Amino acid sequence: LCSNNNPYASFGATLARDEEQNLWSTPHDVTHTEADDDRVLYNMIVVRNQLDKDSEEWQKLNYDIYTLRQTRKEVRSRWKHILEDLGFQKEADSLLSVTKLSIISDSQNMSKARDILLKLSEETNIFPTSWELSERYLFVVDRLIALDAAEEFFRVASAAYPKRP
């Protein structure tokens, strides 16, 4: 099914990945997309796995991979916390679940979703300062727009994670 000689052979496959190939934070996580930020992490893992484990390069890449996963986990946790504060306790995980099969519910919402996501990035600390906006959260904001909860989400995010100068 997958060849270890070609590191890209299994990318996008629906086979369960072990922890080393997982793109997010937990083993067998199927909620990743094939977005640019996923490819960056995947490529880091591929390069690291080709290095000698005792090398300084391997240790640095391993640390960078761990840091990126932790940052993603923290951002997801912030979003989940806000969703739960808005009353979406049971739905939070499904609202945050984005796969390569996810679609934007209404194409007319796309520009509004982008605007809200950009506003969240610029006016709150829900994302770390070095964070590049992830396509994953565009889908989540689209869902919030469909639920008429996007503005309320922004309000809670602004209060919970205010931008500090």
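Bear in mind that the values here come from a model prediction, so they are computed numbers and not experimental data.
- Using a 4.5 Å heavy-atom threshold, the side chains of I116 and L144 count as separate.
- Atoms CG and CG, from D115 and L120 in turn, are 11.0 Å apart once rounded to the nearest 0.5 Å.
- Using the six-membered ring where Trp is involved, F127 and W79 have ring planes that are tilted, between 30° and 60° apart.
- A donor-acceptor pair is defined here as one N or O able to donate and one able to accept, closer than 3.5 Å; such a pair exists between the side chain of S158 and the backbone of F154.
- Using a 4.0 Å cut-off between charged side-chain N and carboxylate O, R155 and E151 make no salt bridge.
- Here the closest heavy-atom approach between residue L51 and residue E57 is recorded as CD1-CB, 3.8 Å.
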Only pairs under 3.5 Å count here: list side-chain donor-acceptor contacts from residues 85-96, not counting sequence neighbours, and write none if there are none.
residue, atom, partner, partner atom, Å
D85, OD2, H81, NE2, 3.3
Q89, NE2, E84, O, 3.0
D93, OD1, K80, NZ, 3.1
D93, OD2, K80, NZ, 3.4
S94, OG, E91, O, 2.9

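- Considering only heavy atoms from C-beta on, L41 comes within 4.5 Å of I65 through its side chain.
- Atom OH of Y66 and atom NZ of K73 lie 8.0 Å apart (nearest 0.5 Å).
- Residue L68 comes nearest to M44 through the heavy atom pair CD2-SD, 4.4 Å, listed as atom of the first residue, atom of the second, then distance.
- Clustering ILVMFWY residues whenever any of their side-chain heavy atoms sit less than 4.5 angstrom apart, transitively, puts V46 in a cluster other than the one holding Y63.
- Note that the OG1 atom of T67 and the CD atom of E74 stand 11.5 Å from one another [nearest 0.5 Å].
- Side chain of S121 to main chain of L117: no donor-acceptor pair is present (N/O by atom type, distance under 3.5 Å, no hydrogens or angles).
- Between N125 and P162, the shortest heavy-atom distance links the atoms ND2-O, 2.9 Å.
- Under the 4.0 Å criterion applied to side-chain N and carboxylate O atoms, K60 and D64 are assigned as salt-bridge partners.
- The number of heavy atoms from other shown groups lying within 6.0 Å of CG (D52) is above 12.
- Two residues are said to be in side-chain contact when any heavy atoms from C-beta on lie closer than 4.5 Å; Y137 and R76 meet this criterion.
- The shortest side-chain heavy-atom distance between V141 and F153 does not fall under the 4.5 Å cut-off.
- The distance from the CG atom of L138 to the CG atom of N109 is 10.0 Å, given to the nearest 0.5 Å.
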